[in-house]
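Only one structure is covered here, and it is reproduced in the block below.
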Amino acid sequence: MWKAVVTAAVAFALLLCQSSSLDNGLARTPPMGWLAWERFRCNVDCVDDPYNCISERLFMQMADRLAEDGWKELGYNYINIDDCWMSMDRDEQGNLYANKTRFPNGIKKLADYVHSKGLKLGIYLDFGTHTCGGYPGSIKYLQKDAETIAGWGIDMLKMDGCYANVSDMSWGYPDMEMYMNKTGRPILFSCSWPAYAGGIKVDYSVLGKHCNAWRNYDDIQDSWDSVTHIIDWFGDNQDVLAPAAGPGHWNDPDMLIVGDYSLSYEESKAQMAMWAILAAPLFMSNDLRSISPEARTILMNKEVIRISQDSLGMQGRRVIKGDNKIEVWLRDIEYSSYGIAFLNRRTDGMPYNFTLTLQDLNFTYLKGYHLDDLYSGQPLGHFELNRNLTVSMAPNGVVLIYAYPSE
Ligand SMILES: *[C@@H]1O[C@H](CO)[C@@H](O)[C@H](O)[C@H]1NC(C)=O
Ligand SMILES: *[C@@H]1O[C@H](CO)[C@@H](O)[C@H](O)[C@H]1NC(C)=O
Ligand SMILES: *[C@@H]1O[C@H](CO)[C@@H](O)[C@H](O)[C@H]1NC(C)=O
C-alpha cells in the first residue's frame, strides 16, 4: 500500500519538476563520467609530456578506459574536455577550432570516436571575452558557438565564467541555452554562473530553467581540506541549495578526486559517499590508465552509485553537526528509504563510535527499518525506531548506510 502511495506522490513530484525546469530530457539523474580539469589542467606541452597533455590522444585513451574497464556500464558515460583545447584564434569566419597540433583530426572526429565507444563527449567554452586559460571566449559568438559544437556532435557543454561581467550572465546563460535548443541537438548544459555570482546570490529557479547543472562554489583541488571546505559550504547553504536540485537540474560541488594523489583510502570513501548524498554529478578527474584498485573499487561501488542516481533526485542535507566533530547527512530516496552518511571530521587517530536511534533522525515508519552498510557490504539488521545504532568511523572517514522500511 505505502508503495503505491509513494509512487503516486513521486510521479506528481516529477511532474512538478518537469514543468518548471529545463526541458531537454537530459540529466534526469546526476550525470556521470570523466572531466579533464582537476587532474590534467592546462598542460599543453605535448613535446615534453605527450602522455598527459591536453590532446585528442588523452581523450581517446580515457574513452577507451571508460568503455573497456567497466565504467560505462555503471553509468560513467560522459567524457569531458575542459579548458585549453582551442586554437588561440578563431578562423576567418569567426568559428572556433581545436589546436591543430594537439587535435590533428578535430573535435568532430573525436566525437565520432567517443560515440563509437557508446560514450558521450562534453566540451568547454567560456561565457566571457576569454576562457580562464586565455583562449577565445564566447560572449560575442554565443549562437555561432552553439551551432559549432552541435555540428561536431557534442553532448555536453560546460560554460565557464572567467573574464565576464556577472550582470551579463543573467541574459547570457539563458541565451546560450536557447541557441543550443535551436540547434535541435540535446546538449547537457553545465553553467558556472552561480560560482561567479557569489554562490547563493542567484535565483536558482531561473538557473533550473536553463541549466542541467551548475558549479556553485570554489574549484576542487587535490586535498582533503578542499573536499571538506566544499562539503561545509554545501551544508551551511543547504536551505538554498537543496530545494534547487532535482531531475534535470543539479548543484555541482565539482569533480571527484578519488584516484588522485592526496586523499587517503578513508577520505576517498568519504568524498564518494558525500557526493552521492549531495546528488552531485559524478565526474571523475583522475588518470583511468593507472588508477589504483582501491580507488576503482570505491568509484565502482554499485550501492553508492544507486544512492547517487536515485530517481527522486532529492539532495541530501546535514541534519546533525555535533561538537564531537561528527556529522550526519541524510538523503531521501525512493520507496520512503534513506541514504545516511556518518562523516567523521576527527583526526585523533582512532576510530570513533557514535550512537543514535532512528527516532533521533525523525524516521517515522513504526515497523522500523532495515539497514545496510554500503562500504562493508554488510546488512546491519532490523532497527526499531528506538533501537541504538552504533557506527564506528575512521578518522576523516565515513559510514554510509542505506535504510529501507521493514515489511
Ligand atoms: C597549439 O598548441 C601548442 C602547444 O601544444 C602551441 O605551441 C601552439 O601555439 C598552439 N597553436 C595555436 C594555433 O594556438
Ligand atoms: C564589464 O562591463 C564594463 C562596463 O559595461 C565594460 O567596460 C567591461 O569591458 C566589461 N568586461 C567584460 C569582461 O566584459
Ligand atoms: C527545446 O525546448 C523545447 C521546449 O522546452 C523542448 O521540448 C525540446 O525538447 C528542446 N530541444 C532540445 C534539442 O533541447
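This is a predicted model, so every value here is computed, not measured. Whatever order the structure lists them in is the order used to number ligands and atoms, beginning at 1.
Closest to atom 3 (C) of ligand 3 among all protein heavy atoms lies N181 ND2, 3.6 Å. Scanning all protein heavy atoms for the shortest distance to atom 4 (C) of ligand 1 gives V44 O, 3.3 Å. For atom 14 (O) of ligand 1, the closest heavy atom belonging to the protein is M88 N, 3.1 Å. Of the protein's non-hydrogen atoms, S87 OG, 3.2 Å is the one closest to atom 13 (C) of ligand 1. Nearest protein heavy-atom neighbour of atom 10 (C) of ligand 1: N99 ND2, 2.4 Å.
Of the listed options D23, L26, T183, L22, D23 places a heavy atom closest to atom 9 (O) of ligand 3.
A distance below 6.0 Å separates the ring centres of W152 and W85.
For R185, every heavy-atom contact with ligand 3 shorter than 4.0 Å involves the backbone, none the side chain.
When distances from atom 7 (O) of ligand 1 to the protein are checked, no heavy atom turns up under 4.0 Å.
Using modelled atom types, one side-chain atom of Y76 and one backbone atom of L299 make a donor-acceptor pair closer than 3.5 Å. With hydrogens and angles ignored, the 3.5 Å screen pairs no side-chain donor or acceptor of R296 with any backbone N or O of L288. Side-chain atoms of N237 do not come within 3.5 Å of backbone N or O of V240 as any donor-acceptor pair.
Taking only nitrogen or oxygen atoms, main chain and side chain alike, N24 does not reach within less than 3.5 Å of ligand 3.
Between L361 and Y338 the shortest side-chain heavy-atom distance does not fall below 4.5 Å. With contacts defined as side-chain heavy-atom distances shorter than 4.5 Å, the pair H229/D218 qualifies.
If you number the atoms of ligand 3 from 1 as listed, the ones under 4.0 Å from a heavy atom of G184 come out as 13 (C). Ligand 1 places these atoms under 4.0 Å from at least one heavy atom of R102: 2 (O), 4 (C), 5 (O).
Checking Q315 against R331 by side-chain atom types alone, no donor-acceptor pair falls below 3.5 Å. Side chains of R39 and Y261: a donor-acceptor N/O pair is present below 3.5 angstrom, by distance only.
Residue contacts with ligand 3: G25 is excluded, as none of its non-hydrogen atoms falls under 4.0 Å.
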